[in-house]
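Reading through the structure tokens given below for one structure.
Both counts, for ligands and for their atoms, begin at 1 and track the order of listing.
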Amino acid sequence: MGGDILTIAREQVLERGQPLDGAQVLAVLQLPDELVPDALELAHEVRMRWCGPAVEVEGIVSIKTGGCPEDCHFCSQSGRFQTPVRAVRLDIPALVEAARQTAATGATEFCLVAAVRGPDDRLMRQVGDAVAAIQAEVDINIACSLGILTRSQGEELAGLGVHRYNHNLETARSYFPQVVSTHTWEERMETLSLVRELGMEVCCGGILGMGETLEQRAEFAAQLGEIAPDEVPLNFLDPRPGTPFSELPVLDSRDALRAIAAFRLALPRTVLRFAGGRELTLGDLGTRDGMLGGINAMIVGNYLTTLGRSPEQDLALLTELSMPVKALSETI
Ligand code: SF4
């Protein structure tokens, strides 16, 4: 299809807001290097047309790190691998302070993340206390990422006023068994359906560069397109020591940029967020290319187990690109 796919995408996605399907996404992922800037430019136009110029900024904090019983092969928080992750538990005052600092950057979302298969009663109590304490003192939306939920846990979180729930599908359905053996893609889908049914926003993305084929990368984009999450965090594998994926090569920056454009064309209206691995895969220049290539959200500060760029650097870039940080009033 070559450059033809960009002509088709211009009419289909930019003009009509109709997402690319799997075969069309694959054609974008296969574009020659010289057409990557054109693909990014079109993806940027799509983002501006269907989402606008504002950038959503989010902070994340780990409320339970490491020791997870699951075996996601990319994850340094699995208790099954010998990784150098330190277990840290933050108390409620520290969480409130982290939320306050996040809000001070202009961020509208603050996500509490726990490395678990799903929450137990103790974790649910801690989350309940943390959410109430943050809500009492900080003006910010609270999101949670606590793994697989039961219906009653979902209801409890919705009742607490949790705004958005993150649960990544990680990769294409056909590749998932090569990435995780302790639970299934379908189990993850069940939690996503529950979250949507209970009225919380759905945040669902994954990690690229885990050894999936381009066909599987396209399959994943199309599967996310069908789910149409409110937010899609796009991570690039940062091969962590001790994990089964530690020897995988870092995704080529051109492939990462092709993927950013392709995912935007498959998800014209979603909040498409730069998440982990962008510094390693793309560096500073690539971060700029991504923000001008369809990305409209970012995590500021540090990720769960790796360091990110400083919030000041990212916020300065947004100012330079004339992209306002999305205000809290626009997200509720
Ligand atoms: S990705 Fe989540 S569920 Fe999987 S091992 Fe890591 S913390 Fe556990």
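- Distance check for atom 6 (Fe) of ligand 1: a protein heavy atom is found below 4.0 Å.
- Residue Cys68 approaches ligand 1 through these ligand atoms, each under 4.0 Å from one of its heavy atoms: 3 (S), 5 (S), 7 (S), 8 (Fe).
- Between the side chain of Glu70 and the main chain of Val180, no donor-acceptor pair closer than 3.5 Å is present.
- Note that NE2 of His163 is 15.5 Å distant from CZ of Phe110, once rounded to the nearest 0.5 Å.
- Taking 4.0 Å as the cut-off between side-chain N and carboxylate O, Glu187 and Arg117 count as a salt-bridged pair.
- Taking every heavy atom of Ala115 and a limit of under 4.0 angstrom, the matching atoms of ligand 1 come to 7 (S).
- Residue Cys72 holds the heavy atom nearest to atom 4 (Fe) of ligand 1 of all those in Cys72, Ser76, Gly67.
- Under a 4.0 Å criterion applied to the non-hydrogen atoms of Phe74, ligand 1 contributes the atoms 1 (S).
- Between the side chains of Asp71 and Thr182, at least one donor N or O sits under 3.5 Å from an acceptor N or O.
- One finds no salt bridge joining Glu201 and Arg196 here, because no Lys/Arg side-chain nitrogen approaches an Asp/Glu carboxylate oxygen to under 4.0 Å.
- Between atom 6 (Fe) of ligand 1 and Cys75 there is an N/O/S contact shorter than 2.8 Å.
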